[in-house]
Every structure is written in C-alpha cells, then in structure tokens.
Participant: 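Encoded as structure tokens, here's the structure I'll be asking about.
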Amino acid sequence: MDLRDGPEEGAFRATLRAWLEANVPAGLRGFRGWSSPAAVALGRDWSKRLAEAGYAGLTWPKEYGGAGRPWRYQAVYLEELARAEAPQHLGVIGLGMAGPTIIAHGRPDQKTRYLAKILSAEEIWCQGFSEPGSGSDLASVRTRVEPVGAGFVVNGQKVWSSYAHIADRCILLGRSTTASEKHEGLTYLIVDMKSPGVEVRPLRQITGEAEFNEIFFTDVAVPKENLLGDVGGGWRVAMTTLSHERGTFGFALAGALDVAVRKLVGLARERAGTDALVRDRVAREWIDLQALRYTNYRALARLERTGVPGPEGSVAKLRWSEANQRLTKLAIEIIGREAQVADGDGAPAYWRHQQLRSRGNTIEAGTSEILRNIIAERVLGLPRSR
Amino acid sequence: MDLRDGPEEGAFRATLRAWLEANVPAGLRGFRGWSSPAAVALGRDWSKRLAEAGYAGLTWPKEYGGAGRPWRYQAVYLEELARAEAPQHLGVIGLGMAGPTIIAHGRPDQKTRYLAKILSAEEIWCQGFSEPGSGSDLASVRTRVEPVGAGFVVNGQKVWSSYAHIADRCILLGRSTTASEKHEGLTYLIVDMKSPGVEVRPLRQITGEAEFNEIFFTDVAVPKENLLGDVGGGWRVAMTTLSHERGTFGFALAGALDVAVRKLVGLARERAGTDALVRDRVAREWIDLQALRYTNYRALARLERTGVPGPEGSVAKLRWSEANQRLTKLAIEIIGREAQVADGDGAPAYWRHQQLRSRGNTIEAGTSEILRNIIAERVLGLPRSR
Amino acid sequence: MDFSFSPEQDQLRAQARSFLEKSYPLARLAEIATSEDGWDRASWAELARLGWTGASIPEAQGGAGLSFVEEAIVFEELGRALYAGPFFSTVALALPALACAPDLLAKVASGAFTATLASGTAVQALGAGDRWRLRGETDLVADAGSVDAFVVQARGPDGIGLYLAERHGTRPQVCVLDTVDVSRRLGRVTFADDDARLLAAPPAAAKIIAATRRRALTALALEAVGVASQALALGVEHAKSREQFGRPIGAYQAVSHKLADTYVETELARSLAYWAAWCIAEDDGQAELAAVAAKAYAAEAAVAACERAIQVHGGMGFTWDHPLHRYYKRALWIESFDRSGAAHRADIAQVLLGG
Amino acid sequence: MDFSFSPEQDQLRAQARSFLEKSYPLARLAEIATSEDGWDRASWAELARLGWTGASIPEAQGGAGLSFVEEAIVFEELGRALYAGPFFSTVALALPALACAPDLLAKVASGAFTATLASGTAVQALGAGDRWRLRGETDLVADAGSVDAFVVQARGPDGIGLYLAERHGTRPQVCVLDTVDVSRRLGRVTFADDDARLLAAPPAAAKIIAATRRRALTALALEAVGVASQALALGVEHAKSREQFGRPIGAYQAVSHKLADTYVETELARSLAYWAAWCIAEDDGQAELAAVAAKAYAAEAAVAACERAIQVHGGMGFTWDHPLHRYYKRALWIESFDRSGAAHRADIAQVLLGG
C-alpha cells in the first residue's frame, strides 16, 4: 500500500501537467460542453494534439496504436485533465467503448479500418443503444436489423446519443429476429453516420442546450463487413461495451467533482464564510469527495490485479451523481435570488447551469435505480427485483 | 373553516384539562410505559377513574355505554392527555379495536358480555394478529383454529402483542382451513387469556424492557360463543379492527410528538442554544410537528364528514415515526458522550431510552415500507409491488 | 374546530381547476412562455370576470368581499396550472398597499389594473404632500415587464414609505432580465425622478410591509402546493403507463415509494399552507410563524416533488419539451423568494430558542 | 500509487477473521456481555499470541515491528466481531504514551499489560522528578474496569503531562457505569493521591496527545467499518431467507436498495479509513484531516447501517435476543467518542474556509 505516485507515474504526471499548461487552448479552459460548433472545431484540434502527444489510448495495446500502459496512467491522465479543467478527447465513445469492443470482438480488417482513426480523432463515434421505449431495459430494443442481400437494413429510433450530431460512426444494437427471447436475436453493427436514411435531431434539455441527440434510421443499408460479432450475438458484444464504460470512469467523475468542490469552497469563502450550516455542508462534500477518490484508488488496484472492473464503478457513478446534485444546489442556495438570472459570465449563471444540468446525472449512463439494482443483485446476491 | 374550538369543544377541553390536573396520579405523570407491575396497578385505577368521569368510549354509541360524541372530542381528549403527559386508558386495544369490532360484527350477547367491561377497564384486551412468520403479510397467519365439538381448538404462536401479559381477553385471527386461498379460511375468535394452554412470554426489546409479548396457544379450547363473524370470514372482521386502529390515531401520535418537541426545545435551550445546526434541526422538527397537527385536523374534518378514515392515518404514522427517530437522535447528539449512561433520572438516560425505543416506531403497527405501499397503491393507484 | 372548506369554497376550486385545465392546459405552457410578453394578456379579463382579482376586495369597491381563504384556493390552482401572469404580484404583493387607495381597488377587481412590489432600500422618495418623485433602482422585481404600476418601498424624509409609480410609456425604465423561470420573469426597475403617489407613510407602511410579506409567503406556499401536486400527478401518470422489464415502472418500489413520499410531503405542505391562509384571513397571532413555516416547508416539498418526478420520467423528464422543467423552475423561483428555507428556520428557532 | 494490501496483510486479515469467527462467534456475544467482567479475560493471551497487541511495537521490545496498517486490519476485524476487551484502549489510546516507557512495551506485546487513557483536565499531578501523585476525577473512561493501568492526562507544575497510574487493589478507585454498550463499558476513575509515573512532560505530551487522538479516531473509523459490514451481512442474510407475500423480502427494492445504500456507504467509509490508516502509518501531513474525516463519516455510516439492518429485520431486529442491537449500541458509542460528526466537520470547514 502506497498512496504516493511511484517514480514513473510521478514523471508521467509532471510531464502531462506541464504539457496541459502549455497546450490547452484558451477557448477550452473551464470547458462546459460541446454544444457550440466553435467548441467542436477547437475540440477536434485539441484531440489531435492529445493523440500526437501520446495521450490517446493510453491503455490500448501497443499493437493497435495504444501506449500499452497499466490502468493507473489512465487514472493519472483523467485526474490531470480534470485539474486543468480541460475537456477529454472528443472521441471518448470511440476510445472508451467502440475501440475496446472492436479489439475484443472485431475481425482484423475491422481493427485496421477503425482503430487508428479513433485514436487520431479523425473519426468521431457515437453510441446507438437507448431507445424511447427502452431506457434501463436495454434488452428490449426494437430497432430492426434485417439481413438483406449482402448486408443489413436498419430501421428504428435511438435516443440519448451524445456526439451523434458530429459523429462519423455509430455502434448500434438492434434486433434481427422478432420472435426470439429478449437477450437473443440482438445484432451489433457499426453504422456509417453519413449513410442515406440516417437523421440526427438534437434533443434540447432542461438547460436549453442540446448535448444529446435522437437518431432516426430509415431503411439504412449497412454492409455485412460492419457486423461486430455474430448475427443474433449482439448482447454479448454490448456487454463488453458497457463493461468498458466503467473501467476508470470513476476517475473522470472524481476529477470533475474535485473541480466542483474547489469552486464551491471558493464561493462559500466569498459569500457565506461564517454560515455554520453552509460550512457543515461544504465539509460534507469535501469528505464525500475524498471517499470517492480513495474508493477509485481501491478500484484501480483491483482492476490492475484482476483485469476486471469491480463494483466500485457503480458506486462511483451513484455517489458522484448525488454529490453533484447536492453540491450545485448548495451553491445556488448560497447565491440566493440572484441565481435566478440565467445569463452572464458570473457565478450565478454558472452555478444555475450546473445545478439544472446535474438533474440528468442520476438518469444518464445508468439511472440510480438501476445502479442500486446492480449492487443489490450482483454484489450482495439479493434476488432480482424484476 | 375555523381552527378554534367551538364553544362546546372549548368547554369540554377546559373541563378535561382541569380534571387531568386534579386526577393524574403522581406515579403516572411523565408516563413511560407499562413495564412495571406497580405502573400497571396504578394504570388500572387510573383507567377506572377515566371511565367514571365519562372519558372512556367518547365516540362509542350511547347504547353501548359510550358518550356518542363526534370524533373531534376524541381528538381533544388525546391532545389533552398528551399535554398532561398522562397515559391512556389501559384498555386501548379494547376501546380502539376490539370494542368497535364487536359493535360492528358481534351478536347481541357478545355486546352485552364484553363492551361494558372494556369501558370500565375491568377487562383488559390484547391483539393476536402478528406471527413470527407473518408480520407485514397478515393473510399468511398459520395459527390453527380447528372446529372441534361445540367450539374450537387453537394451536399456534402470536407475537408483538402489547398488554398480553396483563390481558383478560385476546382478539385472535387464525386459520380454520389449510387448503384455502390466503384471505379465505381465516377465523376471528375472542380468546379468554386465562384458558388452559395459553402461555405469555414477555419479549425483551432493544431498551431492555418488555412491552410486547409472545403468546403460545397449545390446544386451547374456545367455546363457539366466542366466534366473531363467520367461520372462514375472519379477514373481513380483521379489516374492521385495523381500520379502527387508524381513526384518530394521528392525534395520539401528534400529541406525543408535541411533548417530545417541547422537551427537545428545553434541552436545546439549555445545552446548545447558540449552535446554528441544532437550531436549524429544532426548527425543522417544530415545522414537521405543525404539519402533522394540521394534517390531523384535515383528516378529522374528513372523518366527521364521511365517517371513513382517510389516508392521512398512514401519513401521520409514517411521518411521526421518522420524526421521532430524528428528534431523539438530535437530543442524544446534543447531550453527547454523557448519553452513553443508561441509568439515572436525568436528561441523558431519558433521551437515550427514547432514542433506542424510537427504532421500533418504523416497524410496529405497520412498517414504513408497508405504509408507503398502501399510499402508493390505495391513494395514488399505482400497481401492486408484490 | 373545523379544518374543511365550505361547499362554496369547494365550488370555487372546482371552477378554477376546470377553467384552467380548459383554457391553460399543459399543452399551452411552452407556447405562452415563448410569446413575447411571456403571458396571455387576454387571460386577465377572464380571471377578473371569474372574480379572482377582486376576491378579497370589499363589495363596495367592486370585489367579492371574501377572505384570504378564497384567494388561497386560487393561488393553489394557479400554481397547479403554472399560470403565467401578474396574479401573484398584483394580489399578493401589491394589494395590501393598494388598499390605501380605494380608487384603485375597483380597477384591480375589474381587471383594469395590475401592479407589483418593488422593494429594497435603494430608492429615494423626494418631495412632500401630494407631489413625490422616486429616484433609484430596484432589482429582481417580479413581473416587472407585465404590470401597470409599481408599489415601491422607498426612503422618504421620515423613513421607509410605500409609493405608487404608474407606468407611462417607457417610464419608469424597466429591463426584463433573462431568468430561469420564464413564466414569471424578473426585471430591473430604474426610477429617474418618476412621479409617484404616497400610499402609506412610515409608521403605517411598516405594518403593511409586514402584512404583505406574510401574504406573499403564504401565497407562494400555496402555489408550491399546486406545483407539487401537478408534479406528482405527472409522475404517477408516467409510472402507470411506462413499462420496463415487462411491468409498469410504478410496480417497482424505487419508483412507487418516491411518489408516496411526494404525496406525503405535498399533503403536509398543504396542511401548513391552509393553516397559514386561515391565520392570515383571521389575522391570527400565529400568522407570521405559520407563513414562514409554510413557505419554508412547501417550497422544499415542491422542489423535491419536481426532482422526483423528473427522475421517475427518466431521460424524458430532462428534456425541454416536457413540461416538468417549467414546474421545477417555478419551484426553484418560489424557494428563492424572500429568504432561504434555512433563514426562515432560523427565524423560527429565534422564537423557540431565543438568542 | 497502489491502494491494496500485501499478501501478508491479506493473510493477517484472513487469520483474524477466522480466529474471531471461531472463538468469538455472534452466538457468544450475549454470554460474554452478561459476564461480570463483560469480556473474556482469557482471550487476551490469545490476541497477544497472534501478535496483535504488539503488532506495531518494535521487535526489540517483543513486538512484530509492523505498522498501523496491520493494526488497522485488526481493528476492523475486531469491530466486525464486536470483540469485548481493552484492545482499543490499550493499542489505540494508551500505546503512544507507553512508548515513553520501553519496559512496558514488552509487557503489552506479551499480553501481560493492558491500559487505557483517562483524559480531561480535572486531574492534578503533584510532585517532581520520579515521585508523582495524582488527585482528581476523570469520567467516561473506556474499559476502566478491565485494564491494569491508566495513562492519565493531568495538570502538573508545567502544564498538561502524561502519567501512568497502575492499578493496585482498589486504587485508584474505579466505578464502572451502567452504560448502553455493555461490550465496551465506561467508568469513573478517582485519584486520591495515587502514585504515578511521569511518561511525558508538557511539550512532548502535547504531541503524543495529538497523535493519540489521530490513532483513536482512525481505529474507531476502522471498527465502525467492521460494525457496518457485519450489520450489512446480517441484513442481506435475512433479506435472502425471510419471505413475505410469497417472495424473499430482498426482492423488494424498499429492502434491497436500503442494503445497497449500506454497501455503498460502508465501502466509502472503508476507503476513508484505509486512507487515514496509511497516513498515520506514514506520518503523512494529511493524517489529522484524514482521521477526522474518516471517523465522522464511518461512525455515521455504521449507525445508519445498523438502523437499516434493524428495519430490514422488522420486529426481530428490535429484540434483545438478536445481536443487532449490540452492534447498533457500539456504533452509537463510536459516534459519541471525541466529538460529534458536526464538530468534526466544523474542524474540516476551518481548514477549507478559514474563519
């Protein structure tokens, strides 16, 4: 047990920190989302620079262009990115989900065709899993994937897809036989987002921005080379995608929370330094942050030892989302009536935006209800509640 | 809408208050439970005096010896009793549950035989519903009620029965046919607690005292005159018993909470008057108390108009139990380490006892989980979760 | 002791609910919110015709001569419908001061006159007798862009008084702010020697200001109850119809118990709000405490009700197109009014614990 | 960066758990608690033999020369087993001061000597050089009735120092109090000119007192993690086996999500407690903050874990015969030690926000 960086990690961290100080574009510091085209343009450039500096695919095997490093380097990377308030690589879906799934299930030609361009940010990926009728219950997807001729034809609707409005490719889970059991008959495809019949509609959210999208597929032809895994074997491929979502996800969350707690402390110092109730709540958030941080380190140790992400990923997501909701609400309470004002660059508009946005945290990427089910069933071994 | 007492209620309240000041025995002021034989002896006498003064059976019809008054008088009675920190009539199970059930379902000879002695406290009743294997799921009781000769033979075990150690009679729900559906085949009996084969064992609880009992029935013969309702029709009779449990129950709870909040305010004034966190929490408890109080008044107005208790009974029980747990915990936090001491007459031992006892509040008389189910299903019309 | 509404009051509620459901259904919320004014001006005459703007105005001044209990019913129902228009401003915030000018009461009752309160201590009243001018700025004034006049708390030669500044053309200058709840906008009002009329001079003004605050807190508590009720209704409806894993999601306790908690808190908030309303109608000695308790509790209950409803709705509850976010933003508006819940509880602690 | 235990440390934990489950199973808790001493004195030699009492004592003094991380493992497992005996008192509260008297360390390591801390400012140390007498009373002293000696914080001629008063017959006078957690009793210790030995004089004593507090808070955080883990295990076991309405109650989210929350909070508490333990072992600059944070969080988590487990057990969880109440009372004992969670958070706020 040693909670300090080892010499190599320390050097990696120092280099990265200096690199970030020199390289994060001014327009992306204090990053708040990819909602404007200007931000996306900066983001593409930024992602290329990250890749050139060797920070894309840190844990990917070297044979696929990655750095082949142990997970702890990815953790340091995420911590330092958060510390610098710099955005991640624009291709997080490709790097964190599509890429590892292709590495695990893809044919050699698929690896050649896709992996390098994920790293370089030449191609941006999105995920087509959720549907309007199938949120938490992924196995109930109804998008049709019909084998036709030498390929497939896709019809259906996906929703809650980040990056779809700028994506080149989509990992899509659909149903190729309607008569089968829920987990069977699912097929996993790579869809070219430029294909005829693909329509993306931004989904405006509570904050007024659109971070997510609906994707409509109307008679979209997908060649058979784009099949990942077997026809009808999509569930197993999808599980790989989802397990990779959780790998070092907690570090990104704790990093974001660290920034938020630091800003909260600043706000409280400025506006409510003597309020005992505020002081108590700020201290609680600080403690929760440390708890999350060190839980991540424990998860990392286990991941490095076993190669399998533990249940701490669900724990981190669950607690981060609730912490972020509490913390942003505390901030608007400190600000008071002024937080009603939505425009401007100051603290009121910033925290109001964060507070409204935080309501999605307990819904996106696994609702809190589903995460508690997962913990109850998979960790504690309780009977299924469904 | 008028939240003041009307002239008659005002007079009733004034008379009762003066009577309580003059009549509550010194040994029962600040009453904390019937655990000692000395308290029970005082309680029998006290209950007789309540009856003689006309305060037993306030809402019972006059033909059965009651006062035939509207429900609001029962509410005033409970408020004033709580205010005086005086115990209720020792025969609450008889007055609030067995009596009304006999009035609704009993034959004339049963009414003659039982009702007057309930009022006068000559006979104390207990309830035999819960069983070790059947807590929230009442319909699953397994105590056997076998028709034998001119009566029944009872075998089985009941649990969580208050007053059983001093009771003369028990209202018992058992199963007379094993082959039937859960709600059918149940039979409701009046059992003489002095019958051979009845054994009562006090159940020691977290505080070290025994307020509840187990009752073991071994080949207990019950004459057929003691059948309430029909053989196999016990479920409907039991539902009458339970609905009466909720009538003005909320007033007793709010009354108890009122006393607790007043004591908490005193404690906070004395030991933590300047602590902003304590002040905030005390104010919360005071607000919750008012919310409960006025919810009871709304429930009372509905009960008087419709004759049927509304869902507010479940609301009051749910919130009272949680408020009492929060409040007693706040008290021991205020007291600090001294609250580890269990003996003595002072605030530490008093609040420690109250705090430990409060953990039962969310379990006894309907767990919080069951109450939330009831609200979700019966009030909001959501589908059953079972 | 009778905590129930009279048959006439029940009828008023039924009428209000059916009128609002018909004329201002959920489906119209977005359209009204994005209109330039942010409200349907034509609705005001309807509200007046139904007798709502004049509910508590004496019959001699064209009102219905009823009490705050009847107004309470209207506030709750307008909250449930998320009605956008200066009813809260005119009836809760301005009316107590307008009672000093009986000529205006008839105009309020008839729907010809709306007003709001511009409070704060940064406005000066200059002049004397019948001629007054106001100078200074007030911020975050409710419905500033919609009303015909401002009741202004201003510092005159003898202290804080209440003045009426009517709006003529571009005077006083009003800047409507970009705020979160677009159905009740806030504005900055700048007085540059604008003409005003004295409504109440210092000693009387303080009493009116205190009474106004009690009314406003209680009105918002009632509105919060309406908001929470609607959020609950939407959540329940969704939980009954949305299926996941082969069952309606309302069959899962993670959903149903959340909604049960919302029901419980909404009922408790309702009890406090009605208690406060009765205290105000009767000028009861507990009115202040009741109003503060009701506002603190009901605002938090409404916020929690909306948050739970959003969660129950899943992603859909997070979208702009669903009406829930509008209710949520109103709940947050209410919560931020006057002071925080913690500050209100500190007031109560002061009464209970001294110090 | 490696937040994992070594194979040797994992082995120590496995050994501790299996020994305690076998020798001090749940079924013996009541019997031990109602024995006159409230603990099984014979167990002490076993603990010493296993190397636990001397884990961090240098090998030269008969210990194992390990670090606080190993002691942390033992504290957690003893908490899980609700071991009744002066381990916390001797190893967490007394050991830092006993390090000033190397002759005693060997006795601690061998199991021949137990001690506790009697703190407070009401004791006076009279004398000089090698001859000291103590006069005064300390209250709520942990394990006062079980130990061989008291490390006493007493006011001497130059300020607060640390003294050792060994117990001989009835001196000093110890009155064991009737307290809620009978598995770790508290007592009042009265010194009437009892002989004592100076362990540390003023400037050094303050450092030892601060280090002792950090150790004690962290040890209790670890114990709380053990308590919470056992409460969780009992709740899960019951939820799997108890049926109501035809299904195991663990299939209802009202039960399963409560237990999931306990799991989450226990894991977070564990992370904080291990962090604090490492900081203490390494004498890290964050040790103070980490110890305070871990104790505040873990104590509340343990209390909540027990409360949820009681609720999941229904009436049975509320009975004297079920072991849960003993865990609950220990959790409350831990929570009340040193200062409240709120006071600990105030310390943290002081660091974050100044003032």
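Every chain is numbered from 1 and lettered A, B, ... according to where its sequence line falls, protein lines coming before strand lines.
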Participant: Specify the closest pair of heavy atoms between A/Leu382 and D/Gly250, including all atoms of both residues, with the distance to one decimal.
Facilitator: CB-O, 4.0 Å

Participant: Which of residues 280-299 of chain D get closer than 4.5 angstrom to chain A, counting heavy atoms alone?
Facilitator: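 Checking residues 280-299 of chain D against chain A gives D/Glu282, D/Gln286, D/Leu289, D/Ala293, D/Tyr297.
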
Participant: Is there a side-chain contact between A/Arg305 and D/Ser4, using heavy atoms and a 4.5 Å cut-off?
Facilitator: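 In contact.
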
Participant: Taking the side chain as every heavy atom from C-beta outward, state whether D/Met1 and A/Leu3 have any atom pair closer than 4.5 Å.
Facilitator: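 A side-chain contact is absent here, since even the closest heavy-atom pair is not under 4.5 Å.
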
Participant: Can you tell me how far the OG atom of D/Ser256 sits from the CZ atom of A/Arg372, to the nearest 0.5 Å?
Facilitator: 10.0 Å

Participant: Output the distance between atom CG (A/Asp275) and atom CG (D/Leu353), rounded to the nearest 0.5 Å.
Facilitator: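 A/Asp275 atom CG to D/Leu353 atom CG measures 10.5 Å (nearest 0.5 Å).
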
Participant: Can you tell me which of D/Val351, D/Asp347, D/Val69, D/Val264 forms the most heavy-atom pairs within a distance under 4.5 Å of chain A?
Facilitator: D/Val264

Participant: Which residues in residues 233-247 of chain D have any heavy atom closer than 4.5 Å to a heavy atom of chain A?
Facilitator: D/Val236, D/Ala239, D/Lys240, D/Arg247

Participant: Rounded at 0.5 Å granularity, tell me how far CG in D/Leu232 sits from CG in A/Leu380.
Facilitator: 5.5 Å

Participant: Looking at D/Glu267, is its backbone amide N or carbonyl O close enough to the side chain of A/Arg298 to form a donor-acceptor pair, meaning the two atoms are under 3.5 Å apart?
Facilitator: yes

Participant: Within this structure, what is the CZ-CE distance for the pair D/Phe3 and A/Met1, rounded to the nearest 0.5 Å?
Facilitator: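 D/Phe3 CZ to A/Met1 CE: 5.0 Å, rounded to 0.5 Å.
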
Participant: Under 4.5 Å heavy-atom distance to chain D, tell me which part of A/Arg319 shows up: side chain, backbone, both or neither.
Facilitator: side chain

Participant: Can you confirm whether more than 12 heavy atoms, excluding those of D/Gln11, are under 6.0 Å from its CD atom?
Facilitator: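 Check fails, neighbour count at 12 or below.
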
Participant: Is chain D contacted by the side chain of A/Arg13, its backbone, both, or neither, given a heavy-atom distance below 4.5 Å?
Facilitator: side chain

Participant: Over 60° means perpendicular and under 30° means parallel, so classify the ring planes of D/Trp275 and A/Tyr294, tilted if in between.
Facilitator: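 Answer is parallel, since the angle falls under 30°.
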
